[in-house]
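Read through the structure below, which is laid out as structure tokens, and then see the notes.
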Amino acid sequence: MVFGGPLTFAAEPVDTINPLSGTDGDTEFSRGNTVPAIVAPFGMTTWAPQTDESVSPFYQMKHKQWEGIRATHQPSVWIRDYGDFLVTPVVGEWKGTRKSRASAFSHEKETAKAYYYSAWLDRYETKVELVPTERCSLMRFTFPTTDQAAVVFDNEGEVEEFDPAHRKIRGAARHVTFGAPGGFAMYFVAEFDDAYTAFEIEKKEKKSTAAVRFKSTGKAVGMKIGTSFISYEQAELNLRRELPDWDFDAARDRSRATWAKELATVSIKGANEDQQSIFYTALYRSLQFPRMFHEPDESGKIRHYSPFANGKLFDGTLYTDNGLWDTYRTAFPFLALYYPDRSTDILNGWLNAYREGGRLPNWPSPGNRPCMIGSHSDSILADAWVKGLHGFDLKDAYAAVRKNATENDAQGWAGRDHLNEYLAKSYIPMDARKEAATSCTLEYAYDDYCVSRLAKAMDRQDDFKLFSERARNYHNVWDPQTGFMRGKMADGSWNEPFDPLAWGGAYVEGNAWQWTWSVMHDPYGLMKLLGGREAMAKKLDDLLSMPTTSVVGSYGHKIHEMREVEHAKMGQYAHVNEPCHHVLYFYNHARQPWKTQAAVRRVMDELYDRNGMIGDEDTGQMSAWYVFNAAGFYPFCPGNPNYLIGSPLFQETAIQLTGGKTFTVRAANNSPQNRYIQSAKLNGKPFTKNWLSHETIVAGGTLEFEMGSQPNEAWGSGEGDAPPDEWQ
């Protein structure tokens, strides 16, 4: 069954997006674990249908009841929502709970597009429709003929009638669990296109539930909602600017055109219907996070409420809701190449957060949360700079990443906890950090590499040398006897017992087979530890062919990532979780690129479909991986300006670059069977390297592949064809 209503493939790509993709799962087995986001690109407020508030995600395909439209800022099922409230059209009694007001509905009478949503509510014989803008929404409710119609607002915070003459109510959504100072609120103003007959409210503890009553003659009732993190006045200003009139069809057309413009950055040819939907849905997911947290004032000046500075107001951009531990790997390199202006704007926002709060964001939602490991803003800033994105303050950027690498953060926001032990020992001892010590060591070493890139840009030679040396700290958790990265104690002994299949313990959400490869910044150094080129290739072969057995380890029970690795049937390769996302490209360094080609096509063909993906989306990371790999190349090591070549999925992919340039990848004779590169040409000249530089791509041009059903082991496997070793 395909969810999301009929798709028109002869039309524009925007109409192939399926927002319901990723919602046919739960926290026990992920198909994406997404919400059906009806939202503008990078929109400050997302609007989504809710089917059960008591579970996460709050919309799941298996649910039979529809509870309302939720204004949401929840970036992940593992991070709680904030500034959220629910809007539900009803007929008759409205008091009670969200569940008691819910209506039966069916997916056959539901339409979900990036720019428009509608559902038929069986209980109320009512149609609800929604169009999003960046900070607002326009809704339309078509009730039956009745004097008992109502629109119900359910909110943790206040709701009040404040301008009945102009058919307006307002509220402050105060729900937040972390990452915001006292007094936090998202302010909203709702305006109706017709006079209402009554405003009724019920308050209980922190919660307000209000109903706006209408006498319906069957004519649709229109409602605009403006949101702001600054004030009620700013919410009204956002409303006037983004929804200047009541023309629903015109608003829908504008929303659709906004998405169509963003999607036009990349075009594909030769995709079947499923692939077209998967690709453009992935592109839509990649363009939602991080979300804007800034708002233009009356004069157009950009301002923001800062959760990093006790709610003070500042000029300039700010973005939030992003798991940098996930997204530094592909989602941010994707923005740097495909949307460099947006990427620069986001980085300036990250630096504003640093100036206001003293630390770069690590997992902002809306402010910093102590979540996951590593300080991967280091990676994002370094990657952008080495790829020529210089529209941010390098001096501040370097001061910020150097602080991450040298100063312990007592609050745990910076991502490098136990930094003092790392500096003293050059690894994190397991008796200092009981969980994830080895993963921390590996990621801190990679982050040190990224800091060294910015030190080099600053011409800080002593720092460049220091952080380059620290980038080799991964050696300190390498055990040559077992052939894995392992947990080490403070006295230098290895943590025992050791099972390379056991999850947890020294590793975050994985095991030794998966984490040993987390040395993307020094692949040839890892190759030497493994015993050379052939030994690396053999270890990769084993990774992909061994049993998918999960050993629960310190988790004590089977978590959903373990189930999904077993389901994928790719050995211990865990595409479902981010630390493995670069691993298949080590074959390029081992000069066996045909094995990368086969494996990445398997992932695209078998682990993604029109209804979702195997694994958590994680604020766009899984989708950005697909978009990149579909074009046939991948950012193996953010902070290094090169991409490794995989296997293009389509006959043609064209990327529109700045300055009116285009980089086009063509793959003659491409098919599901013909996944192996036979030969290549770059701008008409024979090309045998299994990598590309960023400079080559942004200059524009054409990369042509001839594809076949059998590996050509000669292509890309010569000594001069493998990616360069920047440590030599």
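All residue numbers in this chain count up from 1 along the given sequence. Model, not experiment: these values are computed from the prediction.
Side chain of Arg285 to backbone of Thr34: no donor-acceptor contact under 3.5 angstrom is found. With hydrogens and angles ignored, the 3.5 Å screen pairs no side-chain donor or acceptor of Arg135 with any backbone N or O of Thr45. Gln621 places a side-chain N or O within donor-acceptor distance of the main-chain N or O of Ala331, the cut-off being under 3.5 Å. Remark: the backbone N or O of Glu509 is paired with a side-chain donor or acceptor of Tyr555 at under 3.5 angstrom.
Between Ile346 atom CD1 and Leu335 atom CG the span is 5.0 Å, to the nearest 0.5 Å. A distance of 8.5 Å separates OH in Tyr284 from CG in Asn18, rounded to the nearest 0.5 Å. A distance of 9.5 Å separates CD1 of Ile38 from OG1 of Thr46, quoted to the nearest 0.5 Å. Distance check: Thr258 OG1 to Lys261 NZ gives 8.0 Å after rounding to the nearest 0.5 Å. Going from atom CE of Met613 over to atom CZ of Arg31 covers 9.0 Å, rounded to the nearest 0.5 Å. In this structure, the separation between CG on Asp154 and OG1 on Thr209 is 4.0 Å, given to the nearest 0.5 Å.
A centroid separation of 6.0 Å or more is found between the aromatic rings of Phe178 and Tyr82. With ring centers used as reference points, Tyr608 lies under 6.0 Å from Tyr626. Remark: aromatic rings of Tyr232 and Phe188 are distant, center separation not under 6.0 Å.
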Report the C-alpha distance between Lys168 and Glu236 in whole Å, list the side-chain angles of each, state the deciding distance to 0.1 Å, and finish with yes or no for salt bridge (charged side-chain N to carboxylate O under 4.0 Å, His left out).
CA-CA 10 Å; Lys168 295 180 182 179; Glu236 287 206 80; 2.6 Å; yes
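Ser550 is linked by a side chain to side chain donor-acceptor pair (under 3.5 Å) to Glu566, counting only residues two or more places apart in sequence or in another chain. Under the rule for a salt bridge (Lys or Arg N to Asp or Glu O under 4.0 Å), Glu161 has no partner lying at least two apart in sequence or in another chain.
Partner His73 forms a ring pair (Phe, Tyr, Trp, His ring centres under 6.0 Å) with one of Phe229, Phe289, Phe85, Trp47 and no other, that one being Phe229.
Closest approach of Ile17 and Tyr280 over heavy atoms only: CG1-O, 3.5 Å.
Within 6.0 Å of NZ on Lys127 lie no more than 12 heavy atoms contributed by other residues, nucleotides or ligands. Residue-environment remark: NZ (Lys203) stays at or below the threshold of 12 foreign heavy atoms within 6.0 Å.
Stacking of Arg291 on the aromatic ring of Phe42 is not recorded, the 6.0 Å distance cut-off and the 45° axial limit not both being met.
Ring pair His575/His581 is parallel by interplanar angle, where below 30° counts as parallel and above 60° as perpendicular.
Here the side chains of Val90 and Phe143 are not in contact, with every heavy-atom distance at 4.5 Å or above.
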